[in-house]
Enquirer: 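Following this message is one structure expressed as structure tokens.
Throughout, numbering of the chain's residues begins at 1 and tracks the sequence.
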Amino acid sequence: MKRIPLCAAVLLLFSLLACKNKPAASSDKRPASASDTLSDDALMDTVQRRTFQYFWEGSEPYSGMARERYHIDNVYPAGGPEVVTSGGSGFGIMAILSGIDRGYVSRQEGLERMDKIVTFLEKADRFHGAYPHWWNGETGKVLPFGSKDNGGDLVETAFLMQGLLAVHQYYVNGTSDEKELAARIDKLWREVDWNFYRQNGQNVLYWHWSPTDGWAMNFPVHGYNECMIMYILAAASPTHGIPATVYNEGWAQNGQIVSPHTVEGIKLHLRYQGTEAGPLFWAQYSFLGMNPNGLQDKYCPSYFNEMRNLTLVNRAYCIRNPKHYTGFGPDCWGLTASYSVNGYAAHAPNEREDLGVISPTAALSSIVYTPEYSLQVMRHLYGMGEKVFGPYGFYDAFSETDNWYPKRYLAIDQGPIAVMIENYRSGLLWKLFMSHPDVQNGLNKLGFTYTK
């Protein structure tokens, strides 16, 4: 190997120092060690700000709502950029709130965007007050999510209402325009007929109702999974509130939800529907607004500890890596529902549902439960550069084993990243949602105790 003379090396060093202030050719192309120069707060802010842009810059222009998906390659096999989502928009408006509060956009710009979203929701298709999973963002007309799924989706409605109630609290004591928007949100909230979705008065909530097929999808919702927020809000409604028996008999199935067991050497207290330990969105979707810290009821002594342990199970499984996938380890873990090497899949910590796909939202949105471990993953992924990090934050999923790095996003995965980073940094969305009087009444009705 030819050596560089000492004098030449010195000249080279001075020339590099002289150029150090020149802008880089690409801010996303960085060596794996570049993330080491950022403080934890700077790293979190970089990721949160970029992810916020999915819901701000990348929103559907007519409605202001969150696009169901956004593909950099502009190839959409299952519905294009006109498809907007109710649940993903609920997460998205919470992400926008965090952006307003952090000054990513002005308060006036934020109010104008929220006004556009609420105006869309006032005119868009609803079914007994509940929203569908998908609409056409240009028309507000329902788009079928699947066969016979062309009407009300109560779970996605709950995710949307969780976000709207946080927005309500952000504006309710503000300017006259802000108070007016809060009042319009309150009207939408009061119009959801949660009791209708008991299907003729049963003590359980049903996920779907179709104007053409009625209750044909036949999906009563039992716990534990991501749907806990639906039962909380159904109890909280001041106009169509369900009695506590629906929660106790439907969600908790008269106590059958309690099922102490151990996975990866870690204790879990609840029964996870269909599996020993669920994908990580089960620890995130209900707790974007509902604060798990100090939250308990007669079925679970600590929802924070339960969700933390579910996260630790997921991490431990990925570190054990029984299927020997490339890249899995302490700095690269996280299994949840996302794009996958074969379509869409709910990746979970077991060998049947582990396909070798890492979904950045899984570990990053668990930052409130496992901050040190989640930051370790965030730093590692950021160091991977533009292979996994794009204009709207980390892409939805990747597989090192399959050399699969699609540059595609899903709203329902991007939202929890921005929201949970904010909750970890300031608790903003938790404070807003938990301060709503109806939410407090709903939790009290169901026998919850929580730290106020």
Side-chain angles (χ1 to χ4, degrees), residues 86-87 90-91 94 129-131 152-169 185-186 188-198 203-207 220-253 255 257-258 270 273 278 281-304 306-307 368 416 419-420 423 427 429-452:
S86 50
F91 302 166
M94 297 173 91
Y131 289 109
D153 184 314
L154 201 63
V155 174
E156 296 292 315
T157 297
F159 296 154
L160 177 59
M161 287 296 155
Q162 181 177 215
L164 286 174
L165 293 183
V167 176
H168 177 277
Q169 293 304 98
I185 289 172
D186 186 61
L188 295 176
W189 155 239
R190 289 169 174 266
E191 288 173 349
V192 181
D193 189 348
W194 305 89
N195 268 304
F196 173 80
Y197 285 83
R198 292 169 62 186
N203 284 335
V204 66
L205 291 174
Y206 280 75
W207 196 311
V221 181
H222 306 295
Y224 182 84
N225 49 46
E226 78 278 19
C227 304
M228 183 177 175
I229 190 67
M230 177 180 67
Y231 276 89
I232 303 298
L233 291 179
S237 171
T239 49
H240 302 284
I242 62 169
T245 50
V246 179
Y247 176 78
N248 292 319
E249 295 181 18
W251 174 253
Q253 291 188 289
I257 193 175
V258 178
L270 299 175
Q273 288 286 339
F281 71 91
W282 289 12
Q284 294 154 3
Y285 290 177
S286 286
F287 299 104
L288 299 180
M290 188 164 61
N291 188 347
N293 288 281
L295 185 70
Q296 61 180 307
D297 67 356
K298 63 184 177 181
Y299 305 112
C300 185
S302 171
Y303 280 96
F304 180 89
E306 184 75 8
M307 295 301 94
V368 297
V419 173
M420 285 305 211
N423 277 334
L429 289 318
W430 285 339
K431 292 172 187 174
L432 290 170
F433 180 79
M434 296 295 281
S435 71
H436 197 291
D438 291 343
V439 172
Q440 294 174 11
N441 290 339
L443 289 167
N444 292 337
K445 179 196 289 189
L446 298 184
F448 282 85
T449 59
Y450 58 97
T451 303
K452 297 184 182 180

Enquirer: Could you tell me whether the side chain of Glu156 reaches within less than 4.5 Å of the side chain of Tyr131, counting heavy atoms only?
Expert: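 No - every pair of side-chain heavy atoms lies 4.5 Å or more apart.
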
Enquirer: Before you tell me yes or no, could you show the steps for Asp438 and Leu165 under side chain to side chain contact (heavy atoms under 4.5 Å, CB included), namely the whole-Å CA-CA distance, both residues' side-chain angles and the distance that decides it to 0.1 Å?
Expert: CA-CA 9 Å; Asp438 291 343; Leu165 293 183; 5.8 Å; no

Enquirer: Using every non-hydrogen atom in the two residues, find where Ala235 and Lys445 come nearest and quote the distance to one decimal.
Expert: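 Heavy atoms of Ala235 and Lys445 come nearest at O-NZ, 2.9 Å.
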
Enquirer: Taking side chain as C-beta onward, heavy atoms only, is Tyr450 less than 4.5 Å from Asp297?
Expert: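 No, every pair of side-chain atoms sits at 4.5 Å or beyond.
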
Enquirer: Say you draw a straight line from CG of Asn203 to OG1 of Thr245; how long is it, rounded to the nearest 0.5 Å?
Expert: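 Asn203 atom CG to Thr245 atom OG1 measures 4.0 Å (nearest 0.5 Å).
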
Enquirer: Check step by step if side chain to side chain contact (heavy atoms under 4.5 Å, CB included) holds for Met290 and Phe433.
Expert: CA-CA 7 Å; Met290 188 164 61; Phe433 180 79; 4.0 Å; yes

Enquirer: Testing Val419, Asn291, Leu288 one by one against Trp430 for a side-chain contact (heavy atoms from CB on, under 4.5 Å), which residue passes?
Expert: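 Output: one option passes, namely Asn291.
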
Enquirer: Got a second to check how far Leu446's CG is from Asn248's CG, nearest 0.5 Å?
Expert: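 Spacing of CG (Leu446) from CG (Asn248) equals 7.5 Å.
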
Enquirer: Calculate, to the nearest 0.5 Å, the distance between atoms NE2 and CG belonging to His240 and Asn195 respectively.
Expert: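 Rounded to the nearest 0.5 Å, the NE2-CG separation comes out at 8.0 Å.
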
Enquirer: Are Phe91 and Tyr285 close enough that their ring centers fall under 6.0 Å?
Expert: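 Yes, ring centres under 6.0 Å apart.
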
Enquirer: Which pair of heavy atoms, one from Cys227 and one from Val155, lies closest together, and at what distance?
Expert: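 So the two residues come closest at SG-CG2, 3.7 Å.
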
Enquirer: Do you know the tightest heavy-atom contact between Ser237 and Trp194?
Expert: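 Shortest heavy-atom separation between Ser237 and Trp194 comes out as CB-CD1, 3.5 Å.
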
Enquirer: Working to the nearest 0.5 Å, report the span between CD1 of Ile232 and OG of Ser286.
Expert: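 Answer rounded to 0.5 Å: 8.0 Å.
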
Enquirer: Hey, can you tell me if Trp189 and His436 have their rings parallel, tilted or perpendicular (30° and 60° cut-offs)?
Expert: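 Geometry flag for His436 against Trp189: perpendicular rings.
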
Enquirer: For a quick test of reading the model, state the closest non-hydrogen atom pair linking Tyr224 to Met307 and the distance between them.
Expert: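 Scanning both residues completely, I find the closest heavy atoms to be OH-SD, 3.2 Å.
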
Enquirer: For the CE atom of Met161 and the CG atom of Leu188, what is their distance to the nearest 0.5 Å?
Expert: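 Here the rounded value is 5.5 Å.
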
Enquirer: Taking C-beta and beyond as the side chain, do Leu270 and Tyr303 meet within less than 4.5 Å on heavy atoms?
Expert: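 Yes, close enough: below the 4.5 Å cut-off.
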
Enquirer: How long is the straight-line distance from CZ of Phe287 back to CG of Leu429, given to the nearest 0.5 Å?
Expert: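 It is 15.0 Å, given to the nearest 0.5 Å.
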
Enquirer: Using every non-hydrogen atom in the two residues, find where Trp251 and Met228 come nearest and quote the distance to one decimal.
Expert: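 Looking at all heavy atoms of both residues, the shortest contact is CH2-N, 3.4 Å.
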
